[in-house]
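Numbers restart at 1 for each chain; the letters A, B, ... are given by sequence-line order, proteins then strands. All values reported here derive from a predicted model rather than from experimental measurement. All values below come from the heavy atoms of this structure, side chains included, with hydrogens, waters and symmetry mates left out.
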Amino acid sequence: MHKEFLMGNAAIARGAIAAGLNLICGYPGTPSTEVLETTAKNNDGTIYVEWSVNEKAAMEVGAGAAYSGARTMVTMKQVGLNVASDPLMSLEYIGVKGGMVIMVADDPGPISSQTEQDTRHFASFSKLPCFDPSTVQEAYDMIQEAFEFSEKYHTPVFFRPTTRVCHAYASIDVKDKEEYKENKPEGFIKDSSRWVIFPRLSYNAHMNIEERNAELSDIFSGYGRNAVIPATAAGCRKGIASHGISWTYVREVLRGKEAPALFKVSTPFPFPEKAAVNFLKDLDEVLCIEELDPVIERELVYVCGKYHLNTRIIGKLTGHVKTAGENTCDSVRGDIGFFMGWGLQDAELPDIELPDAQPELPVRPPVLCAGCPHRASFYAVKQAMKGQKTIFCGDIGCYTLGNAMPLDMVDTCLCMGAGVNIAQGVGRIDPDTKCFAFVGDSTFFASAITGAVNAVYNQADMTLIVLDNSTTAMTGHQPHPGTGRTMMGQVVDKVNIEAVLRGVGLTAVETVDPLQLDKAVDTVKRVAAEKGVKAIIFRSPCAVLIKPDKPAVIDPDKCIQCRKCINSLGCPGIIISDGSVTIDNSLCSGCGLCTQVCPVGAISCGKEAE
Amino acid sequence: MINNILLCGVGGQGTVLTSKLVAACAMEKGFSVMSAETIGMAQKGGSVFSFLRIAEGEQICTPMFGTGMADIIIAFEPAEAVRMLSYLRKDGTVIVNSRPVMPVTAALKASDYNGKEMLDYLSTKVGNLTVVDGDRICRELGSPRALNMILLGVAVKSGVLPFTTDDAVEAMKRSVKPQFIELNEKALRYEV
Ligand SMILES: Cc1ncc(C[n+]2csc(CCOP(=O)(O)OP(=O)(O)O)c2C)c(N)n1
Ligand code: SF4
Ligand code: SF4
């Protein structure tokens, strides 16, 4: 054992490696991404690491490895599990041989996600055990236990941290190499009665699963991470139930205070029912502090009903705790203060008097970086289609930020890969609208190819715009099939987007650099005027991945302060300083887009600027 | 006793790196450390923060803390200091970089946000306030990349953190590329 300062996600990866991990695959998504990246970084060559093309592929690759006796981890964010849910729901019945942990990170807030869905429901829906860590150290230890449970019960298990655990850092105890477990997979052993799903097998498996989960509920009642802690306040008949990061807020708020009884739920499914009864039996009132859905709260209400307990359960369902968003130390302090009947004094409200006469704060929504090629692509399409009836269906990635003013180029955004199909739906009802779908390169491979096939087959009339920046930028620049690099360090043939689109039958497929504005605008005008399904690939690398050029220069003698550059592009590299339009040299990457927009040629870049 | 530190700024300014260095210094001294960072979408020009907690033994149970609890706020941008000010404890210390970062929303509204109002407000509210002209010092040191070390250097000298400038320099040497050591050491030792 030794100490290291690790991020939660790194601790999960290191814990899995210590547990004898043989294979890990996943698809990037905040806040889950660093688990796979850390594994790759710490790979001594014995672990197979893969960014799969999407979560369904990852789940299935993982299943194959686990059938073969490998200790396997599959990683994704919560919405990724929706994509992987088809294999998941059947894998539940088939089970595994090697330990298989499905690491799904939830995102209360949401901070970087489309939804506030709660993976604990997926655990009970798929009847798979679920582990919910509350600290970085616990994540490190618990992931190893999760592998043991999985292997012992021949079932995949969920490991479900939330953002504040994934992205917390802590100095924790980690194992030395000599303490690592080693797992040598024996390989796939043929047995069609075990690995081929049929109604008969599913019926039997269903029986076994229910029996196993009843047994696991009992075992989890004795599992050390599900703690029932008696009240330290004399005669107190109140209790608090919590989980995950919220549990640590509860502990923080109660530090040094006389506390009510506490119940920490680390395995929301199968719910540790006996432990719950033990917790509830002498209490009048229990407050549930949870993030996302009131899973523990409903379970406790159920346990009270089942065992005729007269304990009042309060929380989100009773309107005592807010139903959406993340908890904070402050919100939990308020909830507990109210529950315990503390006065304001005890609730320790901040000392500083705020916010009298606080100046108005600038709002900072996230924006496309200075020099982002997506800005140029959106601007080109906007210019080309000016005055025509259009819809711009967006998708998920950095380019979703094309919705912001002044670009205002994203009319819809639903989930990965949806844009290409939504454009077709709109076109069916509104045939005189020019329908566009914008999709990033990683999203294209993950889930837009089927949409393109759908459009071709069904004779749609639309333009698909692929924003190819040669990376998965939004989630931190992971490689994908179009980059020709793998997580095992190989350089491989790139999957060619143009060839894929031509292969499925698009007639017009053109590629252009969006930073050459005139050419880009012409291309859009020409291609969009054609009938049928056509595509434009805007190819230019993500600005973060290339060495910036010299910043642009505004000639103060030429500039007429019209602000067209600011008002048409919204680039963070162009600011107003002392009343005049100026380039922020610390941000500008010298992409040259604004030089092509200025009506009087006042901005120059590169050679001209010197 | 737990030391609560809050770093804040605008995505891309290097708060995460600074918080890692503080953590390294504290661990070197045998303290336990927990921290929480903004990672994800907000890093693209949004408001970002790091919560850091340092203590002996196992006293810290969560990386986050509530309002009114920060011993020190190290702000890379004036408005971000104001935004997070409710986290400062009574008599807490604020170190703030004076250079404003203008968001696109402000440029579009043709507002002339220059951070001055924010600094004025801070000076009426905070007793232990140090305003650092990071821009000028960076120019003097010859690199815009020195900002985080300059701010950290000032914070260490305020005496609120449980380690010395020498400790910070040692930890820095272990964590940055050799070509940046000299610049960073100058920045850490800069006398404001
Ligand atoms: C089903 C699902 N999986 C993963 C994510 C996380 N995610 C957000 S954007 C993105 C990919 C963005 O890459 P790309 O399409 O290349 O666009 P870029 O960010 O590079 O502009 C991913 C994987 C998600 N939102 N939904
Ligand atoms: S990270 Fe790359 S793709 Fe994303 S906004 Fe910045 S430049 Fe654009
Ligand atoms: S578009 Fe040209 S003239 Fe107008 S403000 Fe910008 S630099 Fe000046």
Inset, instruction - Check whether any side-chain heavy atom of A/Glu252 sits under 4.5 Å from a side-chain heavy atom of B/Met69, and report yes or no. - result: yes
Legend entry - Proximity breakdown for A/Cys166 and chain B, heavy-atom pairs closer than 4.5 Å: neither
Inset, instruction - Could you tell me the separation between the CZ atom of A/Arg563 and the CG atom of B/Leu108, rounded to the nearest 0.5 Å? - result: 10.0 Å
Inset, instruction - Please lay out, stage by stage, how B/Met102 and A/Ser577 fare under the test side chain to side chain contact (heavy atoms under 4.5 Å, CB included). - result: CA-CA 9 Å; B/Met102 181 180 241; A/Ser577 178; over 6 Å; no
Inset, instruction - Identify which part of A/Glu138 has an atom lying under 4.5 Å from any heavy atom of chain B, answering side chain, backbone, both or neither. - result: neither
Inset, instruction - For A/Lys3, look at atom NZ and say whether over 12 heavy atoms of other residues, nucleotides or ligands are found less than 6.0 Å away. - result: yes
Legend entry - Any donor-acceptor pair under 3.5 Å from A/Arg364 side chain to B/Glu80 backbone: no
Legend entry - chain B contacts, top residue of A/Glu34, A/His167, A/Met405 (heavy-atom pairs, under 4.5 Å): A/His167
Inset, instruction - Output the distance between atom OG1 (B/Thr38) and atom CD1 (A/Ile111), rounded to the nearest 0.5 Å. - result: 8.0 Å
Legend entry - Side chain / backbone / both / neither for A/Thr328 at chain B, heavy atoms under 4.5 Å: neither
Inset, instruction - Tell me, for A/Asp107 versus chain B, whether the close heavy atoms (under 4.5 Å) come from the side chain, the backbone, both or neither. - result: neither
Legend entry - Part of B/Ala110 lying under 4.5 Å from any heavy atom of chain A: both
Legend entry - B/Glu77 side chain near A/Pro362 side chain, heavy-atom distance below 4.5 Å: no
Inset, instruction - Measure distances from B/Ser47 to the heavy atoms of chain A and classify the residue's part below 4.5 Å as side chain, backbone, both or neither. - result: both
Legend entry - B/Ile2 and A/Arg255, any side-chain heavy atoms less than 4.5 Å apart: yes
Legend entry - B/Pro63 portion near chain A, given a 4.5 angstrom heavy-atom threshold: side chain
Inset, instruction - With the side chain counted from C-beta on, respond yes when B/Met118 and A/Leu361 share a heavy-atom pair under 4.5 Å apart, and no when they do not. - result: yes
Inset, instruction - Please report the closest heavy-atom contact between B/Gly66 and A/Arg333, naming both atoms and the distance. - result: CA-NH2, 4.1 Å
Legend entry - Contact class of A/Ile574 relative to chain B, heavy atoms under 4.5 angstrom: backbone
Inset, instruction - Using the side chain to side chain donor-acceptor pair (under 3.5 Å) rule, collect all pairs that involve residues 55-65 of chain B, keeping only residues at least two apart or in two chains. - result: A/Thr248-B/Thr62
Legend entry - Among the listed options A/Cys329, A/Pro572, A/Pro406, A/Gly579, the residue most often paired with chain B at heavy-atom distances under 4.5 Å: A/Cys329
Legend entry - Nearest-0.5 Å distance, CE of residue B/Met64 to CZ of residue A/Arg164: 4.5 Å
Legend entry - Interatomic distance, B/Asn114 atom CG to A/Ile576 atom CD1 [nearest 0.5 angstrom]: 11.5 Å
Legend entry - Distance in Å, A/Thr135 OG1 paired with B/Ile60 CD1, rounded so as to fall on 0.5 Å steps: 12.0 Å
Legend entry - Interface residues of residues 92-101 of chain B facing chain A - non-hydrogen atoms under 4.5 Å apart: B/Arg99, B/Val101
Inset, instruction - Tell me, please, which residues at least two apart from B/Lys157 pass salt bridge (charged side-chain N to carboxylate O under 4.0 Å, His left out). - result: none
Legend entry - Nearest atoms (heavy-atom pairs only) where A/Tyr169 meets B/Glu37: CE1-CG, 3.6 Å
Legend entry - Within-4.5 Å side-chain heavy-atom neighbours: B/Pro103 and A/Val363: no
Inset, instruction - Answer yes or no: are there more than 12 heavy-atom neighbours, outside A/Glu360 itself, under 6.0 Å from its atom CD? - result: no
Inset, instruction - Verify side chain to side chain contact (heavy atoms under 4.5 Å, CB included) between B/Ser35 and A/Phe5, making sure each step is shown before the conclusion. - result: CA-CA 10 Å; B/Ser35 77; A/Phe5 190 59; 3.8 Å; yes
Inset, instruction - Side-chain contact test, heavy atoms from C-beta onward, threshold under 4.5 Å: evaluate it for B/Lys44 versus A/Val367 and give yes or no. - result: no
Legend entry - Residues that B/Arg189 engages under salt bridge (charged side-chain N to carboxylate O under 4.0 Å, His left out), provided they are two or more places apart: B/Asp166, B/Glu185
Inset, instruction - Can you establish whether the number of heavy atoms outside B/Lys186 located under 6.0 Å from its atom NZ is more than 12? - result: no
Inset, instruction - Look only at the side chain of A/Asp330 and the backbone of B/Thr67, and say whether a donor-acceptor pair between them is shorter than 3.5 Å. - result: yes
Inset, instruction - Look up atom CE in A/Met7 and atom NZ in B/Lys20, then write down how far apart they are to the nearest 0.5 Å. - result: 6.5 Å
